[in-house]
2 protein chains.
Amino acid sequence: MQSRTPASRTGRPRSAAADAAILAATREALVELGWSKLTLGDVATRAGVAKTTLYRRWAGKNELVVDAVAELFDELELPDRGTLAADIEGVVLRFAAILARPEAKSGLMAVVAESTRDEALRERIRASIVDRQKRLVHTGRARAQERGELPPETGPEDAARTVDLIFDIVAGAVVHRTLVSAEPADEDWVRDFTRVLLLGLSGSARPGM
Amino acid sequence: MQSRTPASRTGRPRSAAADAAILAATREALVELGWSKLTLGDVATRAGVAKTTLYRRWAGKNELVVDAVAELFDELELPDRGTLAADIEGVVLRFAAILARPEAKSGLMAVVAESTRDEALRERIRASIVDRQKRLVHTGRARAQERGELPPETGPEDAARTVDLIFDIVAGAVVHRTLVSAEPADEDWVRDFTRVLLLGLSGSARPGM
DNA sequence: CCATTACGCTACGACTCGTAGCGAAAGCGA
DNA sequence: TCGCTTTCGCTACGAGTCGTAGCGTAATGG
């Protein structure tokens, strides 16, 4: 989690149970207190470890919360539902469900905000959250191209740019809907969103597929 | 700004210059220190006012930063460029330019994160930032319908829902691109994004308008 | 059984917070 | 002009958090 491969051949090993307890306690504290009122001392108490133990493993609140929140997104998958529209609706609904949880809401945006002034933190977020989920876009796109629902690649560079664009649109819209508009990204919304994403504003006025 | 209409008929009036100085100092501190290291004491010193004066006007860091950031978005406009695509590209580029400024980046996301646990703060954000800009979507949509680029309204409720959806997509995508992906929302990106927004994924594969 | 590392605990200086209390300043109405 | 009212700058304060140091103890591996 916090990249500890080198050295440490001998001596007492770090408790893996403590890691799990700390991350769980962090999520619990995020739910009860939110980001700003969350203190590392409190997390340590909840986890049943000493504050010094926590500081030996994480540099600070930012890194700790990134790891705690990242685990929430690990469950995301992209089941094959037969059509591109159905695939999108399914994964967006799952993503929205995770993002609706208070520990994700409070934690994720706060660390993203901090990452604007901390390049290392941004890299940590990208590696442990963003890039891990971007594969879903790749998969869904490849499937749709096999089905003939999307035109084939024009080149590897264009493909990467398109995937990035789609990811920004999808993740951005869901996050904005959930956190800024503070409205649920429910089935109705996801259906409307998917229609716009696939057909565009020009072709998505009339309801009914 | 902080809604001070009632009472206060007599006595020494509050200095309007102090308000401006405080908000400017807040933005300056956001640039230099970022959200987490910004302290109200420091802002007061920069603004040349006493810390107590600052606390008399704003309840805390959250409210202060919302007001300081909100002013950045006041300059947003929607000039008529003749086509819907050009209108979108223009306003998105302006929006992206504002969001690229460090004081907007650090501040906006942080207060949004805090607003997940503070209903009053979310309302303040909505009133002073989000709703003020949502009118741009209304305007652009109405223009496009006059030009025949978009189908006419099916009803006032559907229209409101559509405007909300478009706003979540546009604002969400730009924010995600700028803050999470940490890549510039430049002309190339905005062009690609606009094409997807108007034509959808199915119809937007080939470059060239 | 011994070197090595992790752990729990306590204590610490430094810092920020938000508020209280004071005297002085600046408007407004009579 | 005078007095009422409210704001302002300043100082000081208790409370709380931060991140670290120091110490003795616990748990491994050779």
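Residue numbers begin at 1 in each chain, while the letters A, B, ... track the order of the sequences.
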Undergrad: Should the heavy atoms of other residues, nucleotides or ligands under 6.0 Å from CD of A/Glu187 be counted, would the total exceed 12?
TA: no
Undergrad: Can you identify which nucleotide, out of C/dG8, D/dC8, C/dT19, has its nearest atom closest to the B/Arg57 side chain?
TA: D/dC8
Undergrad: For DNA chain D, which residues of residues 39-54 of chain B approach it to below 4.0 angstrom with any heavy atom?
TA: B/Gly48, B/Val49, B/Ala50, B/Thr52, B/Thr53
Undergrad: According to side chain to side chain donor-acceptor pair (under 3.5 Å), who are the partners of B/Glu119, at least two apart in sequence or on a separate chain?
TA: B/Arg122
Undergrad: Between the opening five pairs and the closing five pairs of the helix from C/dC1-D/dG30 to C/dA30-D/dT1, how far apart are the helix axes, to 10°?
TA: 20°
Undergrad: Given side chains that start at C-beta, do those of A/Glu183 and A/Trp189 come closer than 4.5 Å, heavy atoms only?
TA: no
Undergrad: Output the rounded distance in Å from OH (A/Tyr55) to P (C/dA6).
TA: 18 Å
Undergrad: Sequence neighbours excluded, which residues qualify as side-chain contact (heavy atoms from CB on, under 4.5 Å) partners of B/Thr83?
TA: B/Ala85, B/Ala86, B/Glu149
Undergrad: Rounded off to whole Å, could you give me the NZ-to-P distance for the A/Lys37 and C/dG18 pair?
TA: 10 Å
Undergrad: Send over the distance from B/Arg56 CZ to C/dG21 P, rounded to a whole Å.
TA: 13 Å
Undergrad: Kindly indicate whether the side chain of A/Asp192, heavy atoms from C-beta on, has any atom under 4.5 Å from the side chain of A/Val196.
TA: no
Undergrad: Using nucleotides 23-27 of chain C, report all nitrogen or oxygen pairs with the protein that are shorter than 3.5 Å.
TA:
residue: C/dA25; atom: N3; partner: B/Arg12; partner atom: NH1; Å: 3.1
residue: C/dA26; atom: O4'; partner: B/Arg12; partner atom: NE; Å: 3.3

Undergrad: Can you name the side chain to side chain donor-acceptor pair (under 3.5 Å) partners of A/Asp164, sequence neighbours left out?
TA: A/Lys134
Undergrad: Does the pair A/Asp67 and A/Arg124 meet the rule for a salt bridge (Lys or Arg N to Asp or Glu O under 4.0 Å), with working shown?
TA: CA-CA 9 Å; A/Asp67 287 356; A/Arg124 194 188 191 94; 3.0 Å; yes
Undergrad: Could you go through B/His176 and A/Val170, starting from their C-alpha distance and side-chain angles, then the distance that decides it, and tell me whether this counts as side-chain contact (heavy atoms from CB on, under 4.5 Å)?
TA: CA-CA 9 Å; B/His176 199 277; A/Val170 175; over 6 Å; no
Undergrad: Please report the C-alpha distance between A/Glu32 and A/Lys37 in whole Å, then the side-chain angles of each, then the deciding distance to 0.1 Å, and finally whether the side-chain contact (heavy atoms from CB on, under 4.5 Å) criterion is met.
TA: CA-CA 9 Å; A/Glu32 291 182 21; A/Lys37 294 184 180 174; over 6 Å; no
Undergrad: With a cut-off of under 6.0 Å to the ring centre and 45° to the axis, is B/Lys61 in cation-pi contact with B/Trp35?
TA: yes
Undergrad: Round to a whole Å and report the spacing from NZ of B/Lys61 to P of C/dG18.
TA: 9 Å
Undergrad: From C/dC7, C/dG18, D/dT7, pick the nucleotide closest to the side chain of A/Arg14?
TA: C/dC7
Undergrad: Please verify the inter-ring angle class for A/Phe73 with A/Phe95; under 30° counts as parallel, over 60° as perpendicular, anything in between as tilted.
TA: tilted
Undergrad: Provide, to the nearest angstrom, the distance between the CH2 atom belonging to B/Trp58 and the P atom belonging to C/dC17.
TA: 16 Å
